[in-house]
Amino acid sequence: NAGVTQTPKFQVLKTGQSMTLQCAQDMNHEYMSWYRQDPGMGLRLIHYSVGAGITDQGEVPNGYNVSRSTTEDFPLRLLSAAPSQTSVYFCASSYSIRSSYEQYFGPGTRLTVT
Amino acid sequence: SQELEQSPQSLIVQEGKNLTINCTSSKTLYGLYWYKQKYGEGLIFLMMLQKGGEEKSHEKITAKLDEKKQQSSLHITASQPSHAGIYLCGAGNSGNTPLVFGKGTRLSVIA
């Protein structure tokens with residue numbers, strides 16, 4: 001199993017550009033989520049999904065869209081990039097949202113918005 | 001919403017020394033996770049604690065969960081340079097909500 005994969009690893013955008021961060025898992029996990037990590041802020045939840053066709057907002061959803069058309073994929077879209085979205089983005093998956101199940105994290109995407 | 005406070009924020013220890021990192025929750029804990037992150041890399045799962053009083057060990061790392069205090073501690077015995085990194089605790093608001101994370105503890109181990 002490849003686990004949780006994220007592409008790209010690095011990305012530089014100009015303010016106002018849009019892009020999609022890709023996340024895929026091959027473990028047949030129902031639960032997937034996106035976090036951003038900023039210095040001194042820890043991990044903050046952006047959006048999450050408990051299954052195909054179901055998504056919900058996390059703590060910091062503004063400026064981001066998600067969709068879950070398949071179990072395997074959970075892309076994160078930046079509609080109009082802003083410097084405040086410069087961060088490291090992590091995708092995670094788990095068998096279930098229930099806290100008794102381990103979450104697996106991808107390697108991250110480092111995004112810089114100029 | 002639940003908040004997790006980690007202490008200390010950063011720690012520098014000499015190789016071979018023991019150390020403890022704490023994670024305190026503002027609400028009842030429903031599962032407590034410990035992850036390690038090497039600088040610039042992803043999160044590596046260390047262990048998960050579910051029940052009050054539970055204690056788990058992996059190599060030289062031991063984690064305990066004190067349900068009454070809403071706190072977990074991570075103890076590293078005889079620290080090594082390979083232990084350096086950022087340690088993050090995560091927990092759920094209830095049994096069915098996404099994990100929230102503490103801000104992390106940055107550990108440096110010097111020879």
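So that the names make sense, note that chain A is the first sequence line, chain B the second, and so on, each numbered from 1. Model, not experiment: these values are computed from the prediction.
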CD on A:Gln103 to CZ on B:Phe45, rounded to 0.5 Å: 10.5 Å
Considering residues at least two apart in sequence or located in another chain, which fulfil the side chain to side chain contact (heavy atoms under 4.5 Å, CB included) criterion with B:Glu41? B:Lys38
Please check if B:Trp34 and B:Leu4 belong to a single hydrophobic cluster, counting links between Ile, Leu, Val, Met, Phe, Trp and Tyr side chain heavy atoms closer than 4.5 Å. yes
Anything in residues 102-111 of chain B with a heavy-atom distance to chain A below 4.5 Å? Please list those residues in order. B:Gly102, B:Lys103
Against chain B, label A:Arg44 side chain, backbone, both or neither, depending on which of its atoms sit under 4.5 Å from a heavy atom there. neither
B:Gln9 portion near chain A, given a 4.5 angstrom heavy-atom threshold: neither
Does B:Lys56, at its NZ atom, have more than 12 non-hydrogen atoms belonging to other residues, nucleotides or ligands within less than 6.0 Å? yes
How far apart are the closest heavy atoms of A:Tyr31 and B:Pro98, and which atoms are they? OH-CB, 3.1 Å
Let me check something: do A:Tyr104 and B:Met48 share a hydrophobic cluster, defined by ILVMFWY side-chain heavy atoms less than 4.5 Å apart, either directly or through other members? no
Calculate, to the nearest 0.5 Å, the distance between atoms CZ and OH belonging to A:Phe90 and B:Tyr35 respectively. 12.0 Å
Quick one: CG on B:Leu99 to OH on A:Tyr35, what's the gap to the nearest 0.5 Å? 4.5 Å
Pair A:Leu43, B:Leu43 - check side-chain contact (heavy atoms from CB on, under 4.5 Å), show working. CA-CA 11 Å; A:Leu43 287 170; B:Leu43 280 71; 3.5 Å; yes
Side-chain heavy atoms nearer than 4.5 Å, only ILVMFWY residues, links allowed to pass through others: does that put B:Leu88 and A:Trp34 together? no
Heavy atom to heavy atom, less than 4.5 Å: which residues from residues 45-75 of chain A reach chain B? A:Leu45, A:Tyr48
Between CD on residue A:Glu102 and CG on residue B:Leu46, distance to nearest 0.5 Å: 10.0 Å
Joint hydrophobic cluster, B:Ile86 plus B:Phe101, side-chain heavy atoms closer than 4.5 Å: yes
Shared hydrophobic cluster for A:Val4 and A:Leu21 (ILVMFWY, side-chain gaps under 4.5 Å): no
Part of residues 69-77 of chain B lying next to chain A, heavy-atom separation under 4.5 Å: none
Around atom CD of A:Gln17, are there more than 12 heavy atoms from other residues, nucleotides or ligands closer than 6.0 Å? yes
